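Below, read A as the first sequence line, B as the second, and so on, with proteins coming before strands; counting in each chain starts at 1. Worth knowing before you read on, the calculation uses all heavy atoms, side chains too, and leaves out hydrogens, waters and symmetry mates. Just so we're clear, the structure is a prediction, and the values are computed from it rather than from any experiment.
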Amino acid sequence: MAKHSSGEAGDSGRSLARRDFLKRGSLAGILGMVGGQQVMGLELRPPSRPTYSRLDGSERIACGVIGFGEWGREISATLGRIETARIAAICDTFPVMLQRASRSVPDAATQAEYRRVLDDPEIQVVFVATPTHLHRGIVIAALEAGKHVYCEMPLAHTIEDAQAIARAAKSANRQIFQVGLSYRSNPQHREVFQFIRSGALGRATAARAQWHGKQSWRRASATSERERELNWRLDSNISLGLIGEIGVHQLDTADWIYQGLPRAVTGAGQLIYWKDGRRVPDTIQAIFEYPSDVRLTYNATLTNSFDGEYDMFYGTDGTIMMRDSKAWLFKEVDAPVLGWEVYARKDRFYRESGIALVADATQLEAQGIDPTVDDPNVETPLFYALEEFLDNALRGPFPPSAGYKAGYDATVVAIRANEAVTGNRRLTFDQSVFDAVT
Amino acid sequence: MSQIRLACAAMATRFELVLEGDDPSRLRAAGEEALAGVRRLEAKLSFFRPTSEIGRINAFAAERPVRVDGEVFDLLLRAERYHRETAGAFDVTVGSLMRYWRSASAAGTVPDAALIEEARLRVGMELVELDVAGRSVRFARPGVLIDLGAIGKGYAVEQAMLLLRELGVGCALLHGGTSTVQALGRPVQGGVWRVALEYPGVGANGGEEHLLSIVELRDVALSVSKVTGRVFTAGGVTYGHVVDPRLGWPVQGALLAAVVSPSATEADALSTALLTLGPAGHAAVTARRPAAPMLVLGGEAPHGPYRLVTRGLPVRRSALLEAVEELPPGA
């Protein structure tokens, strides 16, 4: 199970020498050495790190979690580990979920009606983790109630709803609105982003991403009425399918890294295995056309779990693979020598040797942690995203890593891509739709 | 009637789930959610993942209080209670000892006794401060390591079964690596879920004559702890993978222990404690749980001869069984 030995870092002379080198040769330093280009126009700020300082009760932010399904529970569990958060209320329309809520967060009030959460003046921030098609009403009401809002992705299942949410968020300019594109707050993704922008892959030529899982995507419940509500992802009238509900996060990574939106998408979808009455495809392919002729190929399926989820970015000098919040560089043999890679950790992937790209290598070094082993400080992308959001609510406003515009653009891409997939066709993106929200 | 079988790899073993009912897609959906929960727990509880809640506690709790999520905190409170109720025979702070014994097992040599003595100073639930108000964990000294290996699978089984019940499943059987198994309802075809225990030192499916007991389960869990399975021999002595937290050395004198309980978590913890206490010391567990069916099989070698203490579990006699003590129910 342990992929790498996690023994304590010995203070042998060899390890000190290596650490000393890493201190000088960490990615941050390398970017300077190779003349990493300045990245313009980005909503970037230094990644926030867990501080674990003790706070008295008054400094904790009262949070409301709306929607206590799988993801709402994940949000709630993550908030439980963030010092600045206090979950004051949990809302779900299903009593069983509220029973679970009181088991896992006994101090929180449980509400069946989200208005009750919004009417509570003590609650400053809300997390919206309901089915996608219910976001609009809740988010707009929450913004009107003066709450800071963290809304899961995709924003909505229609462009009209997505616009309504984005515009409401824009005009509520004293409140923080962050969307669940959590990779944008993830130090590992940021590091890779900077690394690619520094030109380390040479000329960018292609990208490939996949999500493979073997699961029916169906949900069970004790009552059939509830089951219909729960299985909104299988209802083609309101579901954006695999590309929208899962792919949206990976597609956004490509938009982010390529610093642009795709111009066209060709999609295909098949229902091959889970023929239980649904119409939403269980296997999809999509090819996105980016400016400068780079294409992203995306595959997702519910029929096979091989290789799980990953994102690959290819260039003339190398390839970067991102998976499980980790990243590796695979260099072409004729690529320029970076210098530090001889000392970095390498992992074998069949015949290839991947150079592990470690976020914050310098900081790790300062804490006495060997950057070549897995870092116990590493949190999930969701943790960093929620921490950033709460920090922003407490000390901001700063521009969020993933604000309404990023959320809107990614949602438009997802909605159109789903049209291409379900229609088995190519369609071009209408720039004016993206421009409708600025 | 439909039967659905699902499996997942988690916690360094295989979890298998059988569900029975009318609607196969509903059963599968419920089973998938339950097994997804097992994997989620693995990510929280793993000793080997630095990013798990346990990994984080082990890395930082000696320096500062580490805030953990409510579920992990509650599980640690339960672990503390089982420690108290078993006179220290169950102890999740066995991590630093396990680390030495794991390398020892890999190398096939016994660790240096001085190392073990030194590691023992870092074992003991009293070294773990659980702050209920702050929901944080702090170690009283550096080097303490929490390893939930003796309770994690049971907890995962228990939570998965709770979920299945919530989802309206009436009939299911789930096991984690064949060490903890829980049954829900009765098989649709009639009868009751039956689980067989074999005498130790027998390969899988050793045949009828190797059966130690057949346990009938209805809405309860059975957990089995054995020293065999993962063992190594050094200097003519066979060492198992269960380490006695009170002594620092692998359990000797007991080969197998089994406990039935409505809670899979409790069954898992108590079967480990019972194996550690052995046939001579079982009273620390059995007296506190007078209603729990259990057995503990003692012996020096996996192939017998054996001594057995049992309460409420049927036993198949073997020629190798030298002594049997049957405790009356409620003893």
Asker: Run the salt bridge (charged side-chain N to carboxylate O under 4.0 Å, His left out) check on B:Glu32 and A:Lys214 step by step: do they pass?
Answerer: CA-CA 10 Å; B:Glu32 284 176 352; A:Lys214 187 172 180 189; over 6 Å; no

Asker: So what's closer than 4.5 Å to chain A heavy atoms on B:Arg40: side chain, backbone, both or neither?
Answerer: side chain

Asker: Give a yes or no on whether B:Asp22 atom CG has more than 12 heavy-atom contacts from other residues, nucleotides or ligands under 6.0 Å away.
Answerer: no

Asker: Do the non-hydrogen side-chain atoms of B:Arg67 and A:Glu83 ever get within less than 4.5 Å of each other?
Answerer: yes

Asker: Under 4.5 Å from any heavy atom of chain A, what part of B:Ile57 do you find: side chain, backbone, both or neither?
Answerer: neither

Asker: Under 4.5 Å heavy-atom distance to chain B, tell me which part of A:Trp274 shows up: side chain, backbone, both or neither.
Answerer: side chain

Asker: If I take atom CZ from residue A:Arg226 and atom CG from residue B:Leu167, how far apart are they, to the nearest 0.5 angstrom?
Answerer: 10.5 Å

Asker: Quick check on B:Arg81: does its CZ atom have over 12 non-hydrogen neighbours (other residues, nucleotides or ligands) under 6.0 Å away?
Answerer: yes

Asker: Is there a side-chain contact between A:Glu379 and B:Arg56 (heavy atoms, below 4.5 Å)?
Answerer: yes

Asker: Kindly compute the distance separating OG (A:Ser216) from CZ (B:Arg26), expressed to the nearest 0.5 Å.
Answerer: 12.0 Å

Asker: Answer yes or no: is there an ion pair linking A:Arg100 with B:Glu166, defined by an N-O contact shorter than 4.0 Å?
Answerer: yes

Asker: Would you find more than 12 non-hydrogen atoms of other residues, nucleotides or ligands less than 6.0 Å from A:Glu225 atom CD?
Answerer: no

Asker: Considering only heavy atoms, which portion of A:Glu70 lies under 4.5 Å from any heavy atom of chain B: side chain, backbone, both, or neither?
Answerer: side chain

Asker: Whether B:Glu53 and A:Arg81 form a salt bridge (side-chain N of Lys/Arg under 4.0 Å from carboxylate O of Asp/Glu) is what I want to check.
Answerer: yes

Asker: Can you see whether B:Glu71 engages A:Ser104 through a side-chain donor-acceptor pair at a distance of less than 3.5 angstrom?
Answerer: no

Asker: If you measure from CG on B:Leu6 to CD on A:Gln215, what distance do you get to the nearest 0.5 Å?
Answerer: 11.5 Å

Asker: Tell me if the CZ atom of A:Arg103 is crowded by more than 12 foreign heavy atoms within 6.0 Å.
Answerer: yes

Asker: Hey, what do you get for CG (A:Asp276) to CG (B:Asp23), rounding to the nearest 0.5 Å?
Answerer: 9.0 Å

Asker: Please find the pair of heavy atoms, one from A:Val378 and one from B:Thr51, that lie closest to each other, and give the distance.
Answerer: O-CG2, 3.4 Å

